[in-house]
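All of these numbers come straight from a predicted model, not from anything done at the bench.
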Amino acid sequence: MMVHKRQSRTRGQAGPAAVRLYGFQPPVGTPYGLEVTTVEDFFAQHDDWPWNPPVPGRATFHYLILVTEGELLHDVDHVTRTIAPGQWLWVRPGHAQCWHPPGAARGPFILFEPEVLMPETARLLAPLTAHEAPAVLSPHPDDAAWLQQTALQLLDEHRALGRRPLDVHHALRRSLLESLLLRLANASGIALADTTAGKGAGRGDTYGRFVDALELHFRELHRAADYAELLGCSVRTLSRAAQDATGNGVRELINERRLLEARRLLGGARWDARTVAVHLGFTDPANFGRFFRDRTGLTPAAFAARDTTGR
């Protein structure tokens, strides 16, 4: 049984108002925050979940899938992506995602927590692990064979649990994972913006950590002080990092993220305004209505109607 069957639903409520947040809980005996399987095995061992019926959710860890055969459909942030052979799907922590019914897709499936990566490697991979990085990656054929072979080696080492001392086994897995990600980040055909350019190392890292935290907690944490406490820094340090990176304050970035989610849920997901208000942490639907109208010029109902009709 793979990780999903045992993932704890750490946030959210039952019913349509909740987009579940799943924590990483690999099979018993799997060391550290890394699991490797295949798409076909995942489908075979979860014949009734999570695509029957499809249920959107968010995870606190990374999903990385290489499609080697067939075609994979997967929703990322409410957009259906089609992943063809040779392409990689990367679902990052905090992304809203939803599985489609299993098809003929085949290929390695890697799940890992951000903390698995060494700090220096994580810094080098920041543009690729950023929330806004592309969900579908198409490396040049010159890189594709090496990437696939390394992914298969990682899968083989993951299945070799017990053949070597545990610390050696995990060191090999992490080394293979980091090699794979570094090559993928620098493969021909992969165009990524340098999200740390022009920033001091410490401040850029603070902003990156804030973005990751925001994606996981924007529904329940709405103050700059909440995120400063979560990140272990002062409000002033966080505010300067946000201002340097975006030109906006922390509160404005929080509100932008809440507004983006409201648009998605009122439009494509067709949620009603009261449900969206509860989901985003508004204690009074009227307050949500004012929040939405002040920023869009429309009431939630008017926005939903316009989005439905395409006007």
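Of the possible polar contacts, one joining the Arg209 side chain to the Leu231 backbone as a donor-acceptor pair under 3.5 Å is found. Within the 3.5 Å criterion, the main-chain N or O of His217 finds a donor-acceptor partner in the side chain of Tyr227. A donor-acceptor pair under 3.5 Å is absent between the side-chain atoms of Asp41 and the main chain of Thr37, judged by distance alone. A side-chain donor-acceptor contact under 3.5 Å links Thr150 to the backbone of Trp146. Between the side chain of Thr68 and the backbone N or O of Arg106, at least one donor-acceptor pair lies under 3.5 Å. In this structure, His74 contributes its side chain and Val91 its backbone to no donor-acceptor pair below 3.5 Å. Judged by distance alone, the side chain of Arg92 and the main-chain N or O of Leu128 form a donor-acceptor pair under 3.5 Å. A distance-only check finds no donor-acceptor pair linking the side chain of Glu71 to the backbone of Pro85 [under 3.5 Å]. Side chain of Ser175 to main chain of Ala171: no donor-acceptor pair is present (N/O by atom type, distance under 3.5 Å, no hydrogens or angles). When atom types are taken as modelled, the side chain of Arg257 and the backbone of Leu253 share no donor-acceptor pair closer than 3.5 angstrom.
Between Arg223 and Asp226 there is a salt bridge, since at least one side-chain N of the basic residue sits less than 4.0 Å from a carboxylate O of the acidic one. One finds a salt bridge joining Glu120 and Arg123 here, because a Lys/Arg side-chain nitrogen approaches an Asp/Glu carboxylate oxygen to under 4.0 Å. Note on Arg81 versus Asp75: no salt bridge recorded, every NZ/NE/NH1/NH2 to OD/OE distance being 4.0 Å or above. A salt bridge is absent between Arg58 and Glu215: the closest approach of a Lys/Arg side-chain nitrogen to an acidic carboxylate oxygen does not fall below 4.0 angstrom.
When every heavy atom of Pro127 is checked against every heavy atom of Leu124, the shortest pair comes out as CD-O, 3.7 Å. Ala151 and Pro108 get closest at one heavy-atom pair: CB-CG, 4.0 Å. Among all heavy-atom pairs drawn from Leu238 and Cys233, the shortest one is CB-SG, 4.0 Å. Minimum interatomic distance between Val250 and Ser239 (heavy atoms only, all atoms of both residues): CG2-CA, 3.9 Å. Shown here for Gly86 and Pro139, the closest heavy-atom pair between the two residues is O-CD, 3.7 Å. The shortest non-hydrogen separation linking Asn248 to Glu256 is ND2-OE2, 3.6 Å.
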Would Val36 and Arg159 count as a side chain to side chain contact (heavy atoms under 4.5 Å, CB included) if you check the C-alpha gap in whole Å, the side-chain angles of each, and the deciding distance to 0.1 Å?
-> CA-CA 8 Å; Val36 191; Arg159 290 172 169 172; over 6 Å; no
Asp143/His140 under side chain to side chain contact (heavy atoms under 4.5 Å, CB included): CA gap, chis, key distance, verdict | CA-CA 6 Å; Asp143 294 291; His140 190 276; 4.1 Å; yes
Please test Leu72 against Leu89 for side chain to side chain contact (heavy atoms under 4.5 Å, CB included), starting from the C-alpha separation and ending with a verdict.
-> CA-CA 9 Å; Leu72 181 70; Leu89 170 70; 4.1 Å; yes
Residue pair Phe210, Leu230: steps toward the side chain to side chain contact (heavy atoms under 4.5 Å, CB included) verdict | CA-CA 9 Å; Phe210 164 67; Leu230 192 65; over 6 Å; no
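Summarising the local packing, CZ of Arg164 is surrounded by more than 12 heavy atoms from other residues, nucleotides or ligands at distances under 6.0 Å. No more than 12 heavy-atom neighbours from other residues, nucleotides or ligands sit within 6.0 angstrom of CD on Glu229. Counting non-hydrogen atoms of other residues, nucleotides and ligands closer than 6.0 Å to CZ of Arg295 gives a total above 12.
Ring geometry for Phe288 versus Phe292: interplanar angle of 30 to 60°, hence tilted.
The line from CG of Leu64 to CG of Leu177 is 8.0 Å long, rounded to the nearest 0.5 Å. Rounding to the nearest 0.5 Å gives a distance of 10.5 Å between CD of Glu261 and CG of Leu259. Separating the CG atom in Leu34 from the CD1 atom in Ile110 is a distance of 7.5 Å, to the nearest 0.5 Å. Atom CZ of Arg174 is separated from atom CG of Leu117 by 8.5 Å, given to the nearest 0.5 angstrom. With rounding to the nearest 0.5 Å, the separation of NE2 in His95 from NE2 in His62 is 9.5 Å. How far CG of Asp272 is from CG of Leu266: 8.5 Å, rounded to the nearest 0.5 Å.
A cation-pi arrangement is found for Arg258 relative to Phe282, the charged atom lying closer than 6.0 Å to the ring centre and inside a 45° cone about the ring normal.
The hydrophobic cluster containing Leu161 does not contain Leu172, counting ILVMFWY residues as joined when their side-chain heavy atoms lie under 4.5 angstrom apart, directly or transitively. Under the 4.5 Å side-chain heavy-atom criterion for grouping Ile, Leu, Val, Met, Phe, Trp and Tyr, Val136 is connected to Tyr63 within one hydrophobic cluster. Met118 and Leu181 are assigned to two separate hydrophobic clusters, defined by single-linkage of ILVMFWY side chains at heavy-atom distances under 4.5 Å. Val76 is connected to Phe42 through a chain of hydrophobic side-chain contacts under 4.5 Å among Ile, Leu, Val, Met, Phe, Trp and Tyr, so both are in one cluster. Residues Leu73 and Leu66 do not share a hydrophobic cluster, clusters being chains of Ile/Leu/Val/Met/Phe/Trp/Tyr side chains in contact below 4.5 Å.
Side chains of Arg293 and Leu298 form no contact here, defined as non-hydrogen atoms less than 4.5 Å apart. Contact annotation: the side chain of Leu137 approaches that of Leu184 to within less than 4.5 Å [non-hydrogen atoms, C-beta and beyond]. A heavy-atom distance below 4.5 Å is not found between the side chains of Leu176 and Ser179.
Between the side chains of His279 and Trp271, no donor-acceptor pair is found at a separation under 3.5 Å. Using modelled atom types, one finds no donor on one side chain facing an acceptor on the other under 3.5 Å when comparing His158 with Glu35.
Aromatic ring centres of Phe109 and Trp88 lie farther apart than the 6.0 Å criterion allows.
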